[in-house]
Amino acid sequence: MNTVFVNGELIDRDKAKIDIEDRGYQFGDGIYEVIRVYNGKTFTMKEHMERLYQSAEKMKLSIPYKEEAFTATLLRLIEMNGVQDGIVYLQVTRGVSARQHHFPSQDVVGSVVAYTKDFPVPTGQMEDGVTAKLVEDIRWLRCDIKSLNLLGNLLAKQEAASEGHFEAILHRGDTVTEGSSSNAFMVKDGVIYTHPATNLILNGITRRVIEDLCRKNGITFQEETFSVPELLAADEVFIASTTSEVMPVTGIDGKVIGEGKPGAVTKRLQALFGDRKEIEAR
């Protein structure tokens with residue numbers, strides 16, 4: 001994993017440099033994506049790249065490469081590093097300029113970096129389930145943008161991790177939004193519920209795959225808000241993300257969810273997701 005991409009060049013990681021006045025470093029003024037690699041093949045890469053450019057548009061940020069060329073470079077990076085089961089992380093900032101809060105002049109070119117990392121599928125946790133902690137959602141109101149401004153997410157994740165939990169499930173008042181680094185779902189009477197794709201959550205790529213799998217396999221998928229009490233009374237709860245796939249949640253704040261083990265709907269989705277991975281790899 002020694003080769004990285006920095007501002008147009010594929011170079012050794014120990015030669016990578018970012019200016020101290022890069023706006024990503026000073027303001028979190030940038031966006032990012034994490035793309036899964038299975039058996040040397042990317043998964044839902046097109047969807048991730050499309051979302052990257054959509055986030056850039058929402059932030060009035062210019063990416064200095066066309067999507068097709070940028071995608072080709074990332075595929076080359078994955079090949080050079082021999083990634084089999086892992087991720088590629090990519091980040092774009094507004095670039096380097098003298099520190100000021102308003103945007104710099106339009107002739108400032110954005111900074112772009114990417115690197116790869118081994119990341120095995122967490123099969124043990126997916127089979128057994130994980131626990132979560134409820135945390136108040138204190139983030140800003142544009143969670144639909146996959147920006148570098150993740151302090152609210154980090155504080156929530158740390159609060160959960162410090163008590164031995166895998167994830168923090170966020171709520172604004174009584175309404176469940178999503179996880180600190182995942183989308184959140186509950187199952188009641190065979191129906192899957194998840195928060196609508198508004199500005200209050202990130203419309204995850206894995207979330208979209210799950211929705212598509214449900215539509216094509218007769219599983220009722222409802223984009224509908226639900227409350228904390230409804231979550232705790234659910235038959236099943238799971239979270240989903242690029243790195244966690246479909247992850248069962250068997251306990252929240254010490255309360256057992258359902259039967260305290262991955263439920264039938266969650267396990268079916270895991271199997272369908274596995275099939276989708278194999279199809280895309282071919």
Side-chain angles (χ1 to χ4, degrees), residues 1-18 22 24 30-59 61-96 109-123 144-148 150 181-183 202-213 240-246 272-282:
M1 305 297 167
N2 191 47
T3 302
V4 300
F5 177 78
V6 180
N7 294 330
E9 295 184 287
L10 290 164
I11 58 176
D12 289 343
R13 180 167 179 162
D14 59 6
K15 296 179 181 177
K17 295 180 180 179
I18 298 295
D22 187 282
I31 53 177
Y32 75 102
E33 284 289 338
V34 179
I35 302 171
R36 242 320 182 166
V37 180
Y38 297 113
N39 297 320
K41 304 290 186 181
T42 58
F43 182 70
T44 59
M45 186 169 195
K46 179 175 175 57
E47 292 84 349
H48 279 281
M49 296 302 289
E50 287 177 348
R51 186 173 64 182
L52 180 78
Y53 283 81
Q54 290 165 0
S55 290
E57 184 177 358
K58 292 175 181 178
M59 286 184 58
L61 187 156
S62 177
I63 299 176
Y65 311 109
K66 298 296 184 182
E67 183 178 336
E68 185 176 345
F70 194 7
T71 298
T73 298
L74 294 173
L75 292 173
R76 176 62 178 149
L77 177 64
I78 291 166
E79 181 184 3
M80 291 177 69
N81 282 332
V83 185
Q84 288 302 302
D85 291 315
I87 61 168
V88 55
Y89 175 89
L90 49 146
Q91 175 175 299
V92 184
T93 76
R94 206 174 300 276
V96 177
V109 179
S111 298
V112 183
V113 301
Y115 62 86
T116 61
K117 183 179 180 180
D118 286 329
F119 206 110
V121 176
T123 52
D144 55 307
I145 301 174
K146 198 168 177 69
S147 80
L148 302 180
L150 294 173
S181 61
S182 63
N183 290 120
L202 180 72
N203 188 7
I205 302 302
T206 303
R207 177 188 186 277
R208 301 180 202 181
V209 173
I210 289 170
E211 180 178 8
D212 184 59
L213 291 172
S241 71
T242 294
T243 54
S244 297
E245 298 187 5
V246 180
L272 291 170
F273 192 87
D275 293 341
R276 176 66 63 87
K277 289 193 302 184
E278 291 184 11
I279 291 170
E280 187 154 329
R282 293 197 297 267

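Not measured: the values here are computed from a predicted model.
Residue pairs meeting the side chain to side chain donor-acceptor pair (under 3.5 Å) criterion with at least one partner in residues 33-46, sequence neighbours excluded, are Glu33-His48, Glu33-Arg51, Tyr38-Glu245, Lys46-Glu50.
Side-chain atoms of Ile210 and Leu272, non-hydrogen and from C-beta on, never get closer than 4.5 Å to each other. Side-chain atoms of Asp144 and Asn203, non-hydrogen and from C-beta on, never get closer than 4.5 Å to each other. By the 4.5 Å heavy-atom criterion applied to side chains, Lys146 and Ile205 are not counted as neighbours. Ile11 has its side chain within reach of Val6: a pair of non-hydrogen atoms, C-beta onward, lies under 4.5 Å apart. Counting only heavy atoms from C-beta outward, the side chains of Leu90 and Ile35 approach each other to under 4.5 Å. Annotation: side chain of Val83 is not in contact with side chain of Val88 (no heavy-atom distance under 4.5 Å). Leu61 is listed as a side-chain neighbour of Val92, based on a closest heavy-atom distance under 4.5 Å.
With a 6.0 Å radius and a threshold of 12 heavy atoms from other residues, nucleotides or ligands, Phe119 has its CZ atom at or below the threshold.
In this structure, CD on Glu47 lies 13.5 Å from CG on Leu52, to the nearest 0.5 angstrom. If you take OG1 on Thr3 and CG on Asp12, they are separated by 6.0 Å, rounding to the nearest 0.5 Å. One distance of note links CD of Gln84 with OG1 of Thr116; it measures 11.5 Å at 0.5 Å rounding. The CD1 atom of Ile145 sits 6.0 Å away from the NZ atom of Lys58 when rounded to the nearest 0.5 Å. Note: Asn81 CG to Arg13 CZ = 10.5 Å, rounded to the nearest 0.5 Å. Note that CG of Leu10 is 5.0 Å distant from CE of Met80, once rounded to the nearest 0.5 Å.
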- Message: Determine whether Leu75 and Met45 satisfy the following criterion, side chain to side chain contact (heavy atoms under 4.5 Å, CB included), listing intermediate values before the conclusion.
- Response: CA-CA 10 Å; Leu75 292 173; Met45 186 169 195; 3.7 Å; yes
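Proximity of a side-chain donor or acceptor of Asn183 to a complementary backbone N or O of Gly204 within less than 3.5 Å is detected.
Heavy atoms only, all atoms of each residue included: Leu202 and Arg207 are closest at O-CD, 4.5 Å. Ser111 approaches Asn7 most closely through the heavy-atom pair CA-OD1, 3.2 Å. The heavy-atom pair separating Ala114 from Leu74 by the smallest distance is CB-CD2, 3.6 Å. When all heavy atoms are compared, the tightest approach of Val109 to Pro64 is CG1-CB, 3.8 Å. The two residues Pro122 and Ser244 come nearest to each other via the heavy atoms CG-CA, 4.4 Å. Of all heavy-atom pairs spanning Ile18 and Val113, the tightest one is CD1-CG1, 3.7 Å.
Salt-bridge formation is not detected for the pair Glu211/Arg208: no Lys NZ or Arg NE/NH1/NH2 atom is positioned less than 4.0 Å from an Asp or Glu carboxylate oxygen.
Of the residues Tyr65, Tyr115, Tyr89, the one that meets the ring pair (Phe, Tyr, Trp, His ring centres under 6.0 Å) test with Phe5 is Tyr65.
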